[in-house]
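Quick note: residue numbers are just sequence positions, from 1.
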Amino acid sequence: MDAMDRDCIDKLIALGTDPASIVRIQDLAAREMMRNGLGHTLSNACAATLSIFLNEAGVDVPITLGAGRLARRLRDDRHWKPIDVGQQLAGDVGVTFDNKSPHGADHVYLVVERIDADLMQIADNQKPQRHRRAASGKGKTPTEYFLRAPEDQGHLSTKLDLGFTLLAHPDEDEDTNDLPEPFNDDGSPVLRD
């Protein structure tokens with residue numbers, strides 16, 4: 001069944017608001033990390049977590065481990081529009097960026113509620129429930145921009161249902177630039193030696 005990404009946003013927000021869904025999706029992300037040889041952890045699992053949120057809501061993206069790669073897939077392949085900080089809404093994806101080596105996107109997260117131009121409730125890999133984050137950073141990497149689903153882009157929906165038990169939640173933003181990707185841009189698995 002085809003669905004426009006914009007049509008999936010209400011479900012995406014509902015998933016990111018429900019603590020049971022957040023924990024279940026984080027479990028699936030931890031399983032992806034382990035499957036890719038990165039241990040049973042949620043450290044560096046922000047993109048995997050967001051990929052699974054998106055898939056469960058009906059936005060068909062490959063499970064992606066790197067924050068920058070997932071942002072590019074949403075922007076370039078799915079035509080999500082960049083949104084300036086301060087203009088974010090529930091359903092947008094936040095992309096943080098730093099210039100440390102290697103420089104690039106360090107974290108991605110789902111906005112589930114806008115409180116004001118800076119403060120939001122978000123869902124990601126860092127807590128087993130939605131939690132507050134400031135776009136300006138305030139102790140974390142500042143958000144560089146947000147991505148918003150377009151009104152005119154439709155793709156096939158998929159749903160993951162793997163189940164898993166989570167071991168730990170990271171407290172800080174992690175650098176995901178060098179994580180190996182399990183899938184190519186076309187969705188086919190990466191063949192490893």
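Sorted by first and then second residue, the salt bridge (charged side-chain N to carboxylate O under 4.0 Å, His left out) pairs involving residues 46-55 (not counting sequence neighbours) form an empty list.
Under the 4.5 Å side-chain heavy-atom criterion for grouping Ile, Leu, Val, Met, Phe, Trp and Tyr, Val108 is not connected to Ile83 through any hydrophobic cluster. Both Leu28 and Val93 are assigned to one and the same hydrophobic cluster, defined by single-linkage of ILVMFWY side chains at heavy-atom distances under 4.5 Å. Tracing side-chain contacts under 4.5 Å through hydrophobic residues (I, L, V, M, F, W, Y), one never reaches Met33 starting from Tyr109; they form parts of separate clusters. Follow the hydrophobic side-chain contacts under 4.5 Å out from Val59 and you never reach Val111; the two are in separate clusters.
Under the 3.5 Å distance criterion, the side-chain polar atoms of Glu113 are left unmatched by any main-chain donor or acceptor of Ala90. With hydrogens and angles disregarded, a donor-acceptor distance shorter than 3.5 Å links the side chain of Asp116 to the backbone of Leu119. The main-chain N or O of Ile115 is never found under 3.5 Å from a side-chain atom of Gln121 such that the two would form a donor-acceptor pair. Between the Thr64 side chain and the Pro62 main chain, a donor and an acceptor come within less than 3.5 Å of each other. Under a 3.5 Å cut-off, the side chain of Asn55 and the backbone N or O of Ser51 do form a donor-acceptor pair. Looking only at distances, a side-chain donor or acceptor of Gln88 sits under 3.5 Å from a matching main-chain atom of Gly86. Looking at Arg6, its side chain does come within 3.5 Å of a backbone N or O of Ala149 through a donor-acceptor pair.
In terms of heavy atoms, Ala48 sits closest to Leu65 at CB-CD2, 3.8 Å. The heavy-atom pair separating Ala123 from Gly16 by the smallest distance is CB-O, 3.5 Å. The minimum heavy-atom distance between Trp80 and Pro150, with the atom names listed, is CD1-CD, 3.6 Å. Here the shortest heavy-atom pairing between Leu42 and Ala30 reads CD2-N, 4.0 Å. Between Gly94 and Phe146, the closest heavy-atom pair is CA-CD2, 3.5 Å. Taking both residues in full, the closest heavy atoms of Tyr145 and Ala71 are given as OH-CB, 3.7 Å, listed atom of the first, atom of the second, then distance.
Put simply, CD1 on Ile63 and CG on Leu50 are 10.0 Å apart, with the number rounded to the nearest 0.5 Å. Taking CG from Leu110 and CZ from Arg133, the interatomic distance works out to 12.5 Å, rounded to the nearest 0.5 Å. Taking NE2 from His107 and CD from Glu144, the interatomic distance works out to 15.0 Å, rounded to the nearest 0.5 Å. To the nearest 0.5 angstrom, Phe53 atom CZ is 7.5 Å from Leu12 atom CG. Taken from OG in Ser43 to CG in Asn125, the straight-line distance is 8.0 Å, to the nearest 0.5 Å.
In summary, of the residues considered (Arg73, Arg78, Arg75), a salt bridge (charged side-chain N to carboxylate O under 4.0 Å, His left out) with Asp5 occurs for Arg78 alone. If you run side-chain hydrogen bond (donor to acceptor under 3.5 Å, both in side chains) between Gln126 and each of Lys140, His131, Gln26, only Lys140 comes through. Applying side chain to side chain contact (heavy atoms under 4.5 Å, CB included) to Arg24 and the options Asp18, Leu15, Ile52 leaves one that passes, Leu15.
Looking at heavy atoms from C-beta onward, Val61 lies in side-chain contact with Leu74 at the 4.5 angstrom threshold. Between Arg130 and Thr17 the shortest side-chain heavy-atom distance falls below 4.5 Å.
No salt bridge links Lys11 with Glu56; every basic N to acidic carboxylate O contact stays at or beyond 4.0 Å. The residues Arg114 and Asp92 are annotated as not salt-bridged, no charged nitrogen and carboxylate oxygen being separated by less than 4.0 angstrom.
Using modelled atom types and a 3.5 Å distance limit, the side chains of Asp106 and Thr96 yield no donor-acceptor pair.
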Let me see the working for Val95 and Leu147 under side-chain contact (heavy atoms from CB on, under 4.5 Å), right down to the final yes or no.
CA-CA 8 Å; Val95 182; Leu147 292 168; 4.2 Å; yes
List the steps, then state whether salt bridge (Lys or Arg N to Asp or Glu O under 4.0 Å) holds for Lys138 with Asp118.
CA-CA 10 Å; Lys138 296 190 179 173; Asp118 189 39; 3.5 Å; yes
Run Thr49 and Asp124 through side-chain contact (heavy atoms from CB on, under 4.5 Å) and show every step you take.
CA-CA 6 Å; Thr49 302; Asp124 61 8; 5.6 Å; no
